[in-house]
Amino acid sequence: MEALKNFGKCPIIFLAVFALLASTLLSLANAKVHEHEFVIQATPVKRLCNTHSAITVNGQLPGPTLEVNNGDTLIVKVINKARYNVTIHWHGVRQIRTGWSDGPEFVTQCPIRPGDSYTYRFTIQGQEGTLWWHAHSSWLRATVYGALIIRPREGQGYPFPKPKRETPIILAEWWDANPIDVLRQAQQTGAAPNISDAYTINGQPGDLYKCSTKETTIVPIDSGETNLLRVINAGLNQPLFFSVANHKLIVVGADASYLKPFTTSVIMLGPGQTTDVLITGDQPPSRYYMAARAYQSAQNAPFDNTTTTAILDYKSAPCPAKGTLAPKPLMPLLPAYNDTNTVTAFSRSFRSPRRVDAPAEIDENLFFTIGLGLNNCPPNFSKNQCQGPNGTRFTASMNNVSFVLPNSISILQAHHLGVPGVFTTDFPVQPPVKFDYTGNVSRSLWQPVAGTKVAKIRYGSRVQIVLQDTSIVTPENHPIHLHGYDFYIVAEGFGNFDPKKDSSKFNLVDPPMRNTVAVPVNGWAVIRFVADNPGAWIMHCHLDVHIGWGLATVLLVDNGEGLLESIEPPPEDLPLC
Ligand SMILES: *[C@@H]1O[C@H](CO)[C@@H](O)[C@H](O)[C@H]1NC(C)=O
Ligand SMILES: *[C@@H]1O[C@H](CO)[C@@H](O)[C@H](O)[C@H]1NC(C)=O
Ligand SMILES: *[C@@H]1O[C@H](CO)[C@@H](O)[C@H](O)[C@H]1NC(C)=O
Ligand SMILES: *[C@@H]1O[C@H](CO)[C@@H](O)[C@H](O)[C@H]1NC(C)=O
Ligand SMILES: *[C@@H]1O[C@H](CO)[C@@H](O)[C@H](O)[C@H]1NC(C)=O
Ligand SMILES: *[C@@H]1O[C@H](CO)[C@@H](O)[C@H](O)[C@H]1NC(C)=O
Ligand SMILES: *[C@@H]1O[C@H](CO)[C@@H](O)[C@H](O)[C@H]1NC(C)=O
Ligand SMILES: *[C@@H]1O[C@H](CO)[C@@H](O)[C@H](O)[C@H]1NC(C)=O
Ligand SMILES: [Cu+2]
């Protein structure tokens with residue numbers, strides 16, 4: 001009887017497998033190639049009562065939204081008509097075997113110089129949700145950024161009811177100055193760069209800033225319908241809270257990986273992170289503010305304490321009577337700037353939708369401290385080059401190495417061609433000195449060493465990295481971004497990571513998958529991934545102020561031995577230095 005039952009099931013399983021195969025083949029056949037041209041150019045942009053010449057893509061701010069399906073190929077020709085070097089990074093795209101299209105300057109390519117062009121070619125493989133693209137050169141990404149929307153393969157649906165609308169919500173920072181000058185000034189003085197003058201939603205600061213009301217971003221919704229908000233923090237330096245007055249947010253994805261849906265009234269995104277939320281028009285038809293402002297975990301550091309708004313506008317909202325003004329939209333309650341408890345509760349709600357194959361065993365066990373530092377004023381520097389705290393210059397490091405980019409060839413090119421003297425492979429994968437990372441750290445430990453040190457990772461190895469914040473200068477929540485990979489966040493916590501105590505709390509069942517982890521202030525996060533993508537992959541803090549100070553390293557993953565385990569040859573138009 002039992003055998004008969006099993007036998008009876010077999011043809012069904014067989015059919016199901018066949019159907020799956022057929023639909024995969026069908027959708028592969030449907031995969032599209034999208035060709036775009038990005039012209040990098042100076043464009044007049046009016047914000048906060050002033051007109052600036054901003055570097056944009058195709059004259060747009062934010063730049064063009066790219067919409068593709070999983071499995072599609074993108075070919076983007078970037079033409080640099082600006083006066084700065086530029087590169088474009090496709091944030092979160094795994095770039096499997098196509099590291100030459102990843103974009104960080106001097107890591108995977110030399111910059112595209114003024115007057116030159118370069119064509120990025122890559123295929124989206126197994127990623128669905130919201131990613132984005134941005135300049136990865138100096139501080140150009142302040143204005144050179146846009147959304148990259150990846151829908152399921154044709155014929156496949158979302159793992160949630162199809163929303164009636166979808167709206168990218170791109171949060172960013174705006175300086176009432178040229179951001180390149182802001183960076184240059186900080187490099188000269190050694191002090192922290194000026195904070196931004198405004199946050200923006202889809203390029204607009206909104207009603208709470210001067211001269212900004214007319215252009216406030218409007219997000220439409222209708223009673224009863226659902227809108228999928230694809231929220232991106234494109235800000236340069238500031239983690240942000242985001243909330244919508246009177247509306248619940250159902251979180252369904254982050255960094256182009258789906259999540260087990262959960263409901264919240266506020267989300268937090270570190271720069272680089274994306275979060276997909278469903279919002280339903282279940283409130284009285286009216287106008288409601290959506291707003292974002294700072295989550296600031298660093299102590300005694302100035303920050304932009306302004307609030308950006310857009311308006312969620314019900315199409316069926318009654319029109320104001322003739323001669324009267326529309327009522328002021330309701331404002332959401334945002335957490336206090338230092339509300340770390342809300343951030344912790346939010347990030348602990350993240351789960352993959354189902355059981356995942358997070359590596360249970362690991363081959364490489366790495367431990368990286370991340371944090372700031374202060375360099376004493378070098379003897380040949382003048383006083384005004386050392387305007388950091390008490391006559392120092394700010395710096396930052398991973399495992400006490402303050403990362404320095406090469407300038408004559410990229411790391412990937414040097415590796416590919418075997419050019420010596422560009423980098424060394426002695427990045428320490430354990431802290432050179434162990435200390436109480438979140439305590440009162442002795443001043444003798446505050447000065448890191450500068451260097452272009454990379455960590456070699458064997459192809460195919462199962463990697464764990466513990467990211468440990470330090471309280472040197474100040475503890476801070478650092479959004480750590482890894483190129484070339486998505487990783488599982490198997491645990492997060494406060495204080496010093498304790499392998500004995502904390503390993504037992506790892507979630508290897510349904511941990512969330514991301515490309516950027518907001519490492520808790522005064523705490524740690526543990527990530528795991530399989531090193532199955534050869535290339536030179538920068539891992540860095542996504543606060544641009546910290547990258548500039550050296551909070552980065554490069555994971556150099558060699559080619560494997562099998563078919564399709566090596567990086568493709570470099571494109572012919574790859575920019576050289
Ligand atoms: C930075 O801020 C200071 C003080 O507000 C100002 O004097 C300076 O011009 C600003 N720097 C840039 C590059 O905008
Ligand atoms: C930030 O601004 C709010 C008003 O919007 C004010 O109440 C608060 O004190 C400010 N916080 C800081 C740290 O400046
Ligand atoms: C947040 O900052 C306020 C003052 O701006 C302070 O009173 C409060 O204790 C701080 N909260 C936390 C959790 O640090
Ligand atoms: C100080 O000297 C170092 C070499 O010892 C040199 O690289 C650097 O450019 C000098 N800096 C200044 C500001 O003179
Ligand atoms: C700067 O010096 C003052 C006075 O000596 C001290 O209180 C403060 O902690 C110092 N700050 C830093 C960041 O070293
Ligand atoms: C931190 O340690 C230094 C000595 O290393 C001491 O002078 C200072 O008072 C300590 N600060 C705190 C807040 O405990
Ligand atoms: C970093 O290296 C420098 C130079 O060797 C040393 O003085 C400092 O104590 C080190 N700090 C840490 C945290 O390892
Ligand atoms: C632009 O890139 C070239 C290398 O291709 C480099 O030599 C030059 O210094 C860069 N210019 C700036 C302003 O960074
Ligand atoms: Cu950082």
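Indexing begins at 1, ligand by ligand and atom by atom, following the structure's order. These values consider heavy atoms only, across backbone and side chains, with no hydrogens, waters or symmetry-generated copies.
Here D532 pairs with R94 in a salt bridge; the nearest charged N to carboxylate O distance falls below 4.0 Å. Salt-bridge formation is detected for the pair D544/R141: a Lys NZ or Arg NE/NH1/NH2 atom is positioned less than 4.0 Å from an Asp or Glu carboxylate oxygen.
Ligand 7 places these atoms under 4.0 Å from at least one heavy atom of V449: 4 (C). Under a 4.0 Å criterion applied to the non-hydrogen atoms of S444, ligand 7 contributes the atoms 7 (O), 8 (C), 9 (O). Ligand-side atoms of ligand 7 in range of F435: 13 (C), range being under 4.0 angstrom from any heavy atom.
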What does the contact table look like for ligand 3 (nitrogen or oxygen on each side, cut-off under 3.5 Å)?
residue: ligand 3; atom: 2 (O); partner: Y337; partner atom: OH; Å: 3.4
residue: ligand 3; atom: 2 (O); partner: N338; partner atom: ND2; Å: 2.3
residue: ligand 3; atom: 5 (O); partner: Y337; partner atom: OH; Å: 3.2
residue: ligand 3; atom: 11 (N); partner: N338; partner atom: ND2; Å: 2.9
residue: ligand 3; atom: 14 (O); partner: N338; partner atom: ND2; Å: 3.3

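By the side chain to side chain donor-acceptor pair (under 3.5 Å) test, T340 pairs with Y295, sequence neighbours left out.
Using a distance-only test at 3.5 Å, with no hydrogens or angles considered, a donor-acceptor pair links the side chain of D498 to the main chain of K500. Of the possible polar contacts, one joining the D255 side chain to the T274 backbone as a donor-acceptor pair under 3.5 Å is found.
Screening Q430, Q468, M539 against F368 for a side-chain contact (heavy atoms from CB on, under 4.5 Å) leaves a single residue, M539.
At a cut-off of 2.8 Å, measuring from the Cu ion (ligand 9), the protein N, O or S atoms that fall short of it are H478 ND1, C541 SG, H546 ND1, waters left aside.
For the pair H540 and L482, the minimum side-chain heavy-atom distance is 4.5 Å or more.
Ring geometry for H89 versus H136: interplanar angle over 60°, hence perpendicular rather than tilted (30 to 60°).
With a heavy-atom cut-off of 4.0 Å, W446 does not touch ligand 7 at all. Neither the backbone nor the side chain of P431 has any atom closer than 4.0 Å to an atom of ligand 7 (non-hydrogen atoms only).
Every N/O-N/O distance between V433 and ligand 7 stays at or above 3.5 Å.
Residues H483 and H91 keep their aromatic ring centres 6.0 Å or farther apart. For W175 and W139, the ring centers are positioned less than 6.0 Å apart.
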Contacts table for residues 546-553: side-chain donor-acceptor under 3.5 angstrom, sequence neighbours left out:
residue: H546; atom: ND1; partner: H478; partner atom: ND1; Å: 3.1
residue: T553; atom: OG1; partner: K453; partner atom: O; Å: 3.2

I'd like to know whether Y145 forms a ring-ring contact (aromatic ring centres under 6.0 Å, His included) with W133, so could you lay out the CA-CA distance, the side-chain angles of the two residues, the decisive distance to 0.1 Å, and finally the verdict.
CA-CA 6 Å; Y145 62 85; W133 54 265; 7.5 Å; no

